[in-house]
Amino acid sequence: MSTVSAVSTPSYQYETVYAAVCRHFEALDVASDLKPGMRVVLKPNLLYGKKPEAGVTTNPAILKAVIRWLTERGQTNIAVAESSGGLFNAEYMKGVYQASGYRVPGIQEYLNQDFTFGRRPTAEGFTTRAFNLITPILEADYIINLPKLKTHAMTTVSIGVKNLFGTIPGLQKPDMHRRYPETRDFVRMLCELCETVRPNVTLLDAVDSMEGNGPGGGTVKHTGLTLCARDVYALDVTAVRFMGLDPAGIPHLQAAREMGLLPGSIDLTGDEFIPCSPAFRLPDTRKSTGFDDSVPKLLRKPAEFVMDRLLRSYPDVDRSKCVGCGRCAESCPQKIIRVENKKASMPRRGCISCFCCQEMCPVHAISVKRGLRGL
Ligand code: SF4
Ligand code: SF4
């Protein structure tokens, strides 16, 4: 049985968040894990630099509260480490930290300054024999995973397991998309990555979440909750239920079940919560073909099945919004995006529908269009 702690957290007011962190860590007895001098690494979600109110990144109040909790218990060897979308170097990450509100007292002293990486073998070899991981993760004695609750164009949701994709160094992330272009393979890789990184505790920021075209271009949904667990899969299952969705329909949880990683049962402790109603709006990429009442009910499911195999979602750029920054081209694993005269264009041929381009576009100029596969 895996325990998930739920605490109603109505705002990012610092003392409110700190009280929630205290309750979570008390419920899971995190203090008993700590040893003097151990290297504790906090892994937030910083997809890219964005102000906290945008709902894209783990709110700095969460980081500040966790750091305070750790320092009050004598921990001094703490690092906040993340490899955002884009480059993994001091200059780029400084901008990300600044824009995300992390360069403030109580966090900035702990921001990672090591931008090297190394290799760690996988235990099972389900999808690969080893991963390249950022050095702070490789050197950590204890990892606290701090994801943000969001929808995701490719993987449907981004919670605890998906957050660990940010342990892969910088622009090696598009390489992983190229190696695992199909969602079912990509999410198996994510589960194996999770087994390789092995976070000790995961604390989810669902105070303000993101629905719709996440993880970067959706809309903020105030959900007023934090969840915490030692078992990241148990946390993801609970968070998906909270979103009003069915865990059986979430790709990485299907993969985790097949790989024998899901807990047998989950013990919920703390505050009761009601699943969101209406449920979180899904990204446009995940919407089914959705035949209406003009199609007989019996035929609707098979018709949707056929259409979903004939059609595929592709990115479509609104050239009037595009500012020509080139971030989409930089993150495209297939290197098919061209930016000319400060406008991006993306052909369908060669596209693997990973939506890294949409994820990284700072002005939300990229939407989703359905088209015939392979054309
Ligand atoms: S164009 Fe966009 S969706 Fe297609 S492969 Fe490149 S990044 Fe992925
Ligand atoms: S990331 Fe967005 S704004 Fe930048 S070039 Fe691509 S489409 Fe244009």
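This one's a predicted model, so the numbers in the text were calculated from it and none came from an experiment.
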Response to the item:
For Glu72, the salt bridge (Lys or Arg N to Asp or Glu O under 4.0 Å) test, sequence neighbours excluded, returns Arg68

Worksheet item: Looking only at side chains, do Arg230 and Thr202 share a donor and an acceptor under 3.5 Å apart?
Response: no

Discussion item. Check Glu139 with Arg39, please: is the shortest side-chain N to carboxylate O separation under 4.0 Å?
Written reply: no

Item to complete: State, without any angle test, whether His24 and Ser5 hold a side-chain donor-acceptor pair at a distance under 3.5 Å.
Response: yes

Practice prompt. Evaluate the side-chain proximity of Cys325 to Pro362: yes if any heavy-atom separation is below 4.5 Å, no if none is.
Written response: yes

Fill in: Steps toward salt bridge (Lys or Arg N to Asp or Glu O under 4.0 Å) verdict (Arg370, Asp284)
CA-CA 9 Å; Arg370 302 272 273 174; Asp284 292 341; over 6 Å; no

Worksheet item: Counting only heavy atoms not in Arg198, do more than 12 sit closer than 6.0 Å to its CZ atom?
Response: no

Discussion item. Contact between Arg120 and Asn132 at the side-chain level, heavy atoms closer than 4.5 Å - yes or no?
Written reply: no

Worksheet item: If you measure from CG on Asn45 to CG on Asn163, what distance do you get to the nearest 0.5 Å?
Response: 5.0 Å

Worksheet item: Counting only N and O atoms by type, is there a donor-acceptor contact under 3.5 Å from the side chain of Thr151 to the main-chain atoms of Gly214?
Response: yes

Item to complete: Check whether the side chains of Thr285 and Ser313 place a donor and an acceptor atom closer than 3.5 Å, and report yes or no.
Response: no

Practice prompt. Determine the minimum heavy-atom distance between Cys194 and Val232, stating which atoms define it.
Written response: SG-CG1, 3.4 Å

Practice prompt. Determine yes or no for a side-chain-to-main-chain donor-acceptor pair under 3.5 angstrom, with Asp271 supplying the side chain and Ser8 the backbone.
Written response: yes

Response to the item:
In short, Met346 meets Cys328 closest at the heavy-atom pair CE-SG, 4.3 Å

Worksheet item: Is it true that the side chains of Thr57 and Ser100 contain a donor and an acceptor less than 3.5 Å apart?
Response: no

Worksheet item: side-chain contact (heavy atoms from CB on, under 4.5 Å) between Phe280 and Thr223: does it pass, once the steps are laid out?
Response: CA-CA 10 Å; Phe280 272 49; Thr223 42; 3.8 Å; yes

Practice prompt. For the pair Trp69 and Phe25, evaluate ring pair (Phe, Tyr, Trp, His ring centres under 6.0 Å) and give the outcome as yes or no after the intermediate values.
Written response: CA-CA 9 Å; Trp69 186 91; Phe25 288 0; 4.7 Å; yes

Worksheet entry | Under 3.5 Å: donor-acceptor pair, side chain of Glu359, backbone of Pro215 | no

Worksheet item: Would a 4.5 Å heavy-atom cut-off, applied to side chains only, mark Pro147 and Lys162 as touching?
Response: no

Worksheet item: Leu138 and Leu111: same hydrophobic cluster, using ILVMFWY side-chain contacts below 4.5 Å?
Response: yes

Worksheet item: Side chain of Thr122, backbone of Arg129: donor and acceptor closer than 3.5 Å?
Response: yes

Item to complete: Work out which heavy atom in Lys150 is nearest to a heavy atom in Met243; give both atom names and the distance.
Response: O-CE, 4.1 Å

Discussion item. So which atom in Asp246 and which in Val240 form the shortest heavy-atom distance, rounded to 0.1 Å?
Written reply: C-CG1, 3.9 Å

Practice prompt. Return yes if a side-chain donor-acceptor contact under 3.5 Å exists between Asp205 and Asn59, otherwise no.
Written response: no

Item to complete: For this output row, return yes or no: ring centroids of His152 and Phe165 closer than 6.0 angstrom.
Response: no

Item to complete: State whether the side chain of Glu211 and the backbone N or O of Gly218 hold a donor-acceptor pair below 3.5 Å, judged by distance alone.
Response: no

Sequence neighbours excluded and cut-off under 3.5 Å, please list the side-chain donor-acceptor pairs for residues 81-94, or say none.
| residue | atom | partner | partner atom | Å |
| --- | --- | --- | --- | --- |
| Glu82 | OE1 | Lys43 | NZ | 2.7 |
| Glu82 | OE2 | Lys43 | NZ | 3.4 |
| Glu82 | OE2 | Leu46 | N | 2.7 |
| Ser83 | OG | Ile168 | O | 3.0 |
| Ser83 | OG | Gly170 | N | 2.8 |
| Ser83 | OG | Lys173 | NZ | 2.8 |
| Ser84 | OG | Leu46 | O | 2.6 |
| Asn89 | OD1 | Glu91 | N | 3.3 |
| Asn89 | OD1 | Tyr92 | N | 2.8 |
| Tyr92 | OH | Gly85 | O | 2.9 |

Practice prompt. Answer yes if Val157 and Ile266 sit in the same cluster of Ile, Leu, Val, Met, Phe, Trp and Tyr residues linked by side chain heavy atoms under 4.5 Å apart, and no otherwise.
Written response: yes

Fill in: Ile143 reachable from Leu227 in the ILVMFWY side-chain graph, under 4.5 Å edges
yes

Fill in: Approximate separation, where rounding is to 0.5 Å, of Leu146 CG and Leu203 CG
6.0 Å

Worksheet item: Between the side chain of Gln13 and the main-chain N/O of Thr16, is any donor-acceptor distance below 3.5 Å?
Response: yes

Discussion item. Quick check for you: to the nearest 0.5 Å, what is the distance between Cys322 atom SG and Arg319 atom CZ?
Written reply: 7.5 Å

Discussion item. For Glu272, I'd like to know if atom CD has over 12 heavy atoms of other residues, nucleotides or ligands within 6.0 Å.
Written reply: no

Practice prompt. Indicate if Val7 and Val207 have the same hydrophobic cluster label, given that clusters are the connected sets of ILVMFWY residues with side-chain heavy-atom separations under 4.5 angstrom.
Written response: no

Practice prompt. State, with a plain yes or no, whether a side-chain heavy atom of Tyr142 is found less than 4.5 Å away from one of Gln75.
Written response: no

Worksheet item: More than 12 foreign heavy atoms under 6.0 Å from CD of Glu53: is that the case here?
Response: yes

Worksheet item: Side chains of Gln98 and Arg103: is there a donor and an acceptor less than 3.5 Å apart?
Response: yes

Worksheet item: Side chains of Pro333 and Cys354: does their closest heavy-atom pair fall under 4.5 Å?
Response: yes

Fill in: Check: Asn145 side chain, Gly160 main-chain N or O, donor-acceptor pair, under 3.5 Å
yes

Fill in: Donor-acceptor contact present, side-chain Tyr97 to main-chain Gly49, <3.5 Å
no

Discussion item. Pair Thr156, His252 - check side-chain contact (heavy atoms from CB on, under 4.5 Å), show working.
Written reply: CA-CA 9 Å; Thr156 311; His252 81 275; over 6 Å; no

Discussion item. Let me confirm one number: the CZ-OG distance from Arg348 to Ser353, rounded to the nearest 0.5 Å.
Written reply: 9.5 Å

Item to complete: Using modelled atom types only, decide if a donor and an acceptor are shared between the side chain of His222 and the backbone of Pro10 within a distance under 3.5 Å.
Response: yes

Discussion item. If you count every heavy atom of other residues, nucleotides or ligands that lies below 6.0 Å from Lys369 atom NZ, does the total exceed 12?
Written reply: no

Worksheet entry | Val187 to Pro251 - nearest heavy-atom pair and separation | CG2-O, 3.6 Å

Worksheet item: Are the side chain of Gln334 and the backbone N or O of Gly350 linked by a donor-acceptor pair below 3.5 Å?
Response: yes

Worksheet item: Are Thr127 and Arg188 linked by a side-chain donor-acceptor pair shorter than 3.5 Å?
Response: no

Fill in: Gap between atom CG of Asp141 and atom CG of Leu34 - 0.5 Å precision
11.0 Å

Worksheet item: Hey, does Thr71 have a side-chain heavy atom less than 4.5 Å from the side chain of Ile78?
Response: yes

Discussion item. I want to check something: taking the side chain as every heavy atom from C-beta on, are Asn77 and Val40 in contact at a cut-off of under 4.5 Å?
Written reply: no

Response to the item:
Interatomic distance, CG@Leu282 vs CG@Leu245, rounded to 0.5 Å, equals 5.5 Å

Worksheet item: Do you know the tightest heavy-atom contact between Ala153 and Phe355?
Response: CB-CB, 3.8 Å

Worksheet item: When the ring planes of Phe273 and Phe242 are compared, do they come out parallel, tilted or perpendicular, using 30° and 60° as the limits?
Response: perpendicular

Discussion item. Count I, L, V, M, F, W, Y as connected when their side-chain heavy atoms are under 4.5 Å apart, and connections chain through other members. Are Leu133 and Phe126 then in the same cluster?
Written reply: yes

Fill in: Ile144 side chain near Pro199 side chain, heavy-atom distance below 4.5 Å
no

